[in-house]
Each structure stands twice: as C-alpha cells, then as structure tokens.
Amino acid sequence: MRHTIAVLVENEFGVLSRVVGLFSGRGFNIDSLTVAPTNDEALSRITLVTRGDEQIIEQITKQLNKLIDVIKVIDFEPEHAIEREMVLVKVSAEEQSRAEVLRIADIFRAKVIDVTPKSYTLEATGAPAKVSAMVELLRPLGLKELVSTGPVVIGRGAKAWKG
Amino acid sequence: MKLNGARILLECLKREGVDTIFGYPGGTVINLYDELFSFKEIRHILPRHEQAGVHAADGYARATGKVGVAIATSGPGATNTITGIATAYMDSIPMVIITGQVPTALIGNDAFQEADIIGITRPCTKHNFLVKDVKDLATIMKKAFYIARTGRPGPVVVDLPKDVQIAQTEFHYPDSVEIRGYKPTVEGHPKQIEKAVAMIMQAKKPVIYVGGGVILGNASAEMVAVAKRLGIPVTTTLMGLGSYPENDPNSLGLLGMHGTYYANMAVSHCDVLIAIGARFDDRVTGKIASFAPHAKIVHVDVDPTSIKKNVRVDLPIVGDVRDVLAKMLKVADEIGPDAKACQAALAPWIAEIDEWKTKHPMTYKQSSTVIKPQYVIQRLRALSDPDAIVATDVGQHQMWTAQFFGFTAPRTLLSSGGLGTMGFGLPAAMGAQAGFPERQVIVVCGDGGFQMNMQELATIVQNRLNVKIVILNNNFLGMVRQWQELFFDKRYSSTCMELPIDFIKLAEAFGATGLQATKVEQVDEVIKKGFATNGPVLMEFKVAREEKVLPMVPAGASLTEMVLAS
Ligand SMILES: Cc1ncc(C[n+]2csc(CCOP(=O)(O)OP(=O)(O)O)c2C)c(N)n1
Ligand SMILES: [Mg+2]
C-alpha cells in the first residue's frame, strides 16, 4: 500500500540525513520526499511517500517518531487529506504532435512555460494521479524530460497541524 | 565568571555526578586534557585503545547503572570508538562519548585528523550533537545525559571542535531541558495493564520471558515479585540473566539458540507469553513462524518500535517496565486470587515443566583427563564472592558462562549481546572494577577475543584495577569452529589459532600474575590462588579443544528442534 507521511522536524542541520538514513538503514522504501521550512521557522516539514504492508508502515512511523529531532508524524488517510504535486515536462512538439500537446495541456490545465520550434515545456499541478495521467498521455508524443516535486500533503478541514 | 569550553564540559560532567571517565588524548582534545590536568573531582583512566576506552565506560555503566563517559580525539581516535559505540547501542547502554573535532572553520575541508563523526555515528547512537557555539555547550551536555539515560537508554555522541573548547562564555548549567521531539512514555496504560493481568490470570500455561530491559530499568525486584505473586516460571535472554535468581525453582534459565531444553519447550507450549523488556531477537526466537505457536503474547517495553517489530503481539504495553510491573502487582492483588491459589492453579503446568527439567537438565559430560570449560565456570561460581561481577567476551565461553554460572542478581553479568563484540570482555571488566573497586570482578574470555584487547592489561595493572582474568583456552575460535563442525563438515577454515601463546609470560610482562591449569585437579587450585592473590591475575585453563555449546537450536530452526548434549 502507498502511504503519504508528513513529518514535522526541527529545522536543524543533519535532520534530513537522520530521516533518510533511517529508511536506507532499515530497508524501507522512499518513493518521493520533499522538505521545506514551515510557517514556524524553527520547524521543517517533510512529506514522504512510501510503500509497505501495515506492519512495515507501523514500524516506519514508530521509528520516525523515535528520532529525537522528529516532533510529529502523520500517516495521512487519503480521504482526510489533500495531496498535490507539481511536474515540469519537456515534450517534443513537431508538426503533427504540436497541437495534440497543447490539447492535453489544456485538458489538465497545464501551463506552457517554454516554447521552441521542436518542443514545449509544460507546468502542471494537481493530485498525483491526475498529474501522472497527463504524463502518460504525453509519453507517446515524445517525453524528453520530466521533473517532479513529489507530493506534498495537507489535512482537510479547518484544523491546522502544528508542532 | 567566564569559563572556556573545555572547563565547561568538565563542570557539566561533575554536575551529572560523573566520577570516572575513560579517555585518550590527541590534538583536538588537548585543551580539554589541559583543563583535566588540574580538575581533581573526576578520575580519568587512560586505556590503551579508544575502542577499549568506550567498552570500559560501557562496562562501568552496565555494572553501576550510571551513565558511562568516554573521550577520544578527532579522526582516528573517534573512528576507533565506533565498535564500542555500536556495542553499547545494540544493548541500550547509557553513555556519553565526547569526541574532539577540528576547529569549526576547518570542518568539511578534509583537515588533518578530520572525520565526519556525526555522520559516521548517526546509525549507531541514540542521538548525536555537534557543538558549534560554546554558548550551547552546557545545554547540549544536559540534553546528552538526559537522552542517554531516559526512555530506552543508549549512547549519545557530543562532537566538540577545538575552538569551542577554547572559546569562553558564562557558565550556567540548566536544571532540566525540554526537547519537543523527545517524550519517552513512562507510565503504562492502566486499561492495558488490567487487561494483561486478567489475561495472565486466566492462563493455564504462562511463561515470563525477560530481556535486558528489566535490568536496565532497575525492575528486577518488581519482576520477581510479579512472577512470585502469580506463580509463573521465568526464562531470560542473555541480557536478562541475573534479573531472576537462577537458583529459584521457577527459573527456566536461558532461552533461545543456546537456551535450556525446558525453557525452549516451555515457551513453545505456553498459552500466554509475557515478554518484559525484551525484543524478540532472532537468536531468541529461532524460526519466527513457529515461535510460541499456542501463545497469546503480552509485550511490555519502553520502546514502541520494539513492539510488533518481529512478532505479532496481542497485548502491547508501552511504558517503563518498573512502573508497569508495579502496577501489575497492584492489579493482581485487586482482582485476583491470592498467591497460593495462583500457584495451585499452575501446579499441572509446573509439573509438566519439571518433567522437561528431569528429562534434559542443563548438563555436560565431565572428564577426568581434560578440563571441561563448563566445569571451570561451575567452579568459578562456587569459589567466587556471592556478589562477584562477571564480564564475558564473545564466543563459546560466553555461552558456557551464561548456561552454567547461575546468575542470581542483576548487573552481575556484563556481556555484549546484541552486537556480539569480541574484545569487549576485558575492557568492560576493567570499567566495572573502576566502578566497584572493592567488589570481585571476573572476566571470562576466549583465547581469541582476549587477544583483541589484551593491551588493556597495561591499563589494568597501572590503575590497580584488580580484574581476575579467566581464559578458556581451546586454541580455537571455538564458536565458529563449532559451526564448521556442525554445518561445514569439519572444514576448520581459519579457526585454529595454531600459535601457542605463553599467557603467563604475557601477564608477567605487564606486571600481572599469571597462572595456568592444564589438568582437572588444578582447576580449584588455580581459581583459589587467583582469587587470593592481590592485584590483577590472569588464569589460563587449557580446556577440551572441541567441546560444543549445547543445547543448540540451529540458526533458522524452531526452538523445539534442539541438538541436545548426549
Ligand atoms: C569482533 C568480532 N569478530 C568476529 C566475530 C565472530 N566470532 C564470534 S565467536 C568467535 C570465536 C571466538 O573465539 P574465542 O575468543 O577463542 O572464544 P571461544 O569461542 O573459543 O570460546 C568469532 C570469531 C565476533 N563475534 N566479533
Ligand atoms: Mg577459543
């Protein structure tokens, strides 16, 4: 099962390597990981996507919690959270495919952020499933380069999640 | 008044109640050593290798229950500590290790004797700190000790750059520290405790399985009280030995790979298994799928990650084992039948266990021509002080000590369980002796492991740490040889030590006394003389070379599939 886990950590040097070291040392998966400071400048928030059965996910959250610099860990349930990621994609766009790329971009509300006679570079934001659907449609047209932020996640509702 | 970082460090140690430290000087701790020169409140012991220094601080911590402290210089000094730190980490020993570091301005420049010790020790410490500003030093030290000794204890590294030792600031030692991300759970959940006691009281075949957590948590008395109150037999891991007196009729001794027949049978047939401060290590469980197949499992541990890591758990209780056990006892008195009734209810189960005990007691074949290593261990017990502390190295002799010594008090066995570090025993015994100058401290070594840190004979003699060293000399890396005998067709690849060493001369070269026994009749004589001699003594016993540690559950087999002593 895919899980999106948010980890609130002290904004200090070395914290990220503790988190990453935990995953490599214990053989846990990381599909993606993003990290940036939060509204409280003493804290950073890591969003990571991992996979595993219930027991592995339980170990992952417990082990994360055990790190001294980790303040909170939430394994978000999809129905209670909103996930977004951004991708930048460079696609070949010549003759026949030029219009098709734009059509797909339009459907997914992607922006064209760079144009050459041979290519378009698109920026798309959305739920991971939506973004990857767009990428899959672009792939046969000549996907040259893809870069993604990986998902970030926030809980639904008025309640904020703090340190 | 302003103090420099080096002095602040020592003041912090003093305020933490540290009286003994083990350290080795070098360029990046020379300022610290200069302060130490006139700082009389702390005893500094110079080992002959930083690894041994850390093991000594570890042995000191295991024996006394206090936080062990070691110091090393940057680069090679610091990297030499790694085996010691990893050993302490695997056995959850509270320690603070202070390493020198190159000046902050040079960090990252591949400066002379620079090593990224924070990076290197990250996976083998509970936490680590790089002190970048002398103003943070006192708070970091307070945090380091707090983290090391609370919750599930463990080693903490404080990396201290040279310029921070020189820089000055106003010294103030905080009374307490707040760490947002660190709140170890101490109190067990009352409802879970009630449920557990109810479940245990209904059991017909309960077994208590005790790990090192009970000793680390100073909960032996409470554990014994619960076991007695409910009439439940107790088996322990290597790390738990001593928590329950092995001369008690309800003691099952050691379980697992080299555990007793009856402990392994009891665990395999029990209906409720109560694991306390234990972590279901693979050396204990054997094949997981067939471990305690009929049992509901209650697991009490201070570390939530230990619970459900290796085995399913029916009733987890996260909390300090001492607190949880004390509450269990109260609940038992409130809801349950009295101790007599509990014992009576378990009589058929105890009878079943007694049958196993009679069928395959813990035994070995005595010989009149050659010294059996197990016999030496039994004679050591018989002739040593009742409160003697016994350190071991790693190998066959370690298992024989665990099987045949008969430990009756917590913190009397010091052994590297989790990492299984050869070379641990001698320095650990040295540290324990520093902690208890008046008590008898014995170390049981193999001929192989002794040679991994034998330079510490110098430290022992110099500091009058009167350790009694026992070498069970089989002239083999015996434990590996045993595996080669059983599983590799006796192909003794690189396990015969070949070169005979004159251990008596070796001891004498360092100024210690050397004794040797080659015949069975000499065993008592040597032990008595060794114990009666003032100062450090090395006693070498030439033992049966191809003796095996039995029973043995082959790696990956079920606990019931034991190879037994014939
Ligand atoms: C540092 C280290 N290296 C290797 C091993 C693997 N090992 C485990 S027991 C053992 C043999 C120990 O021989 P000895 O010290 O003579 O003790 P014996 O088993 O003969 O009693 C070895 C090599 C280890 N545990 N630790
Ligand atoms: Mg040997």
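Chain identifiers are assigned alphabetically (A, B, ...) following the order of the sequence lines, protein sequences preceding nucleic acid strands; residue numbering begins at 1 within each chain. For the numbers below, each heavy atom of this structure counts, side chains included, while hydrogens, waters and symmetry mates do not.
Heavy atoms of Pro123(B) lying under 4.5 Å from chain A are absent altogether. Using a 4.5 Å cut-off between heavy atoms, Ile307(B) touches chain A through backbone and side chain atoms alike. At a 4.5 Å heavy-atom cutoff, the contact between Asn128(B) and chain A is made by backbone and side-chain atoms alike. Residue contact with chain A, scored on non-hydrogen atoms closer than 4.5 Å, involves the side chain of Arg152(B) exclusively. For Glu58(A), the part lying under 4.5 angstrom from a heavy atom of chain B is the side chain only. For Gln63(A), the parts lying under 4.5 angstrom from a heavy atom of chain B are both the backbone and the side chain.
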Q: Test side chain to side chain contact (heavy atoms under 4.5 Å, CB included) on Leu43(A) and Arg180(B) and set out the steps.
A: CA-CA 11 Å; Leu43(A) 301 178; Arg180(B) 281 199 278 199; 3.3 Å; yes
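With rounding to the nearest 0.5 Å, the separation of CZ in Arg122(B) from CG in Leu67(A) is 10.5 Å. Between atom CD1 of residue Ile68(A) and atom OH of residue Tyr146(B) there is a gap of 9.0 Å, rounded to the nearest 0.5 Å.
Crowding of Arg312(B) atom CZ: a count of heavy atoms from other residues, nucleotides or ligands under 6.0 Å exceeding 12. Heavy atoms of other residues, nucleotides or ligands lying less than 6.0 angstrom from CD of Glu136(A) number more than 12. Annotation: Glu79(A), atom CD; neighbour count of heavy atoms from other residues, nucleotides and ligands within 6.0 Å is above 12. Crowding of Lys62(A) atom NZ: a count of heavy atoms from other residues, nucleotides or ligands under 6.0 Å exceeding 12. The 12-atom threshold is exceeded at CG of Asp53(A), counting heavy atoms of other residues, nucleotides or ligands nearer than 6.0 Å. Residue-environment remark: CG (Leu315(B)) exceeds the threshold of 12 foreign heavy atoms within 6.0 Å. Enclosure of atom NZ in Lys130(A) by more than 12 non-hydrogen atoms of other residues, nucleotides or ligands within 6.0 angstrom is indicated. Surrounding NZ of Lys142(B) are more than 12 heavy atoms belonging to other residues, nucleotides or ligands, all under 6.0 Å away.
A donor-acceptor contact shorter than 3.5 Å is absent between the side chain of Lys66(A) and the backbone of Asp303(B). A donor-acceptor pair is defined here as one N or O able to donate and one able to accept, closer than 3.5 Å; such a pair exists between the side chain of Gln55(A) and the backbone of Lys308(B).
The side-chain heavy atoms of Arg18(A) and His127(B), taken from C-beta on, include a pair separated by under 4.5 Å.
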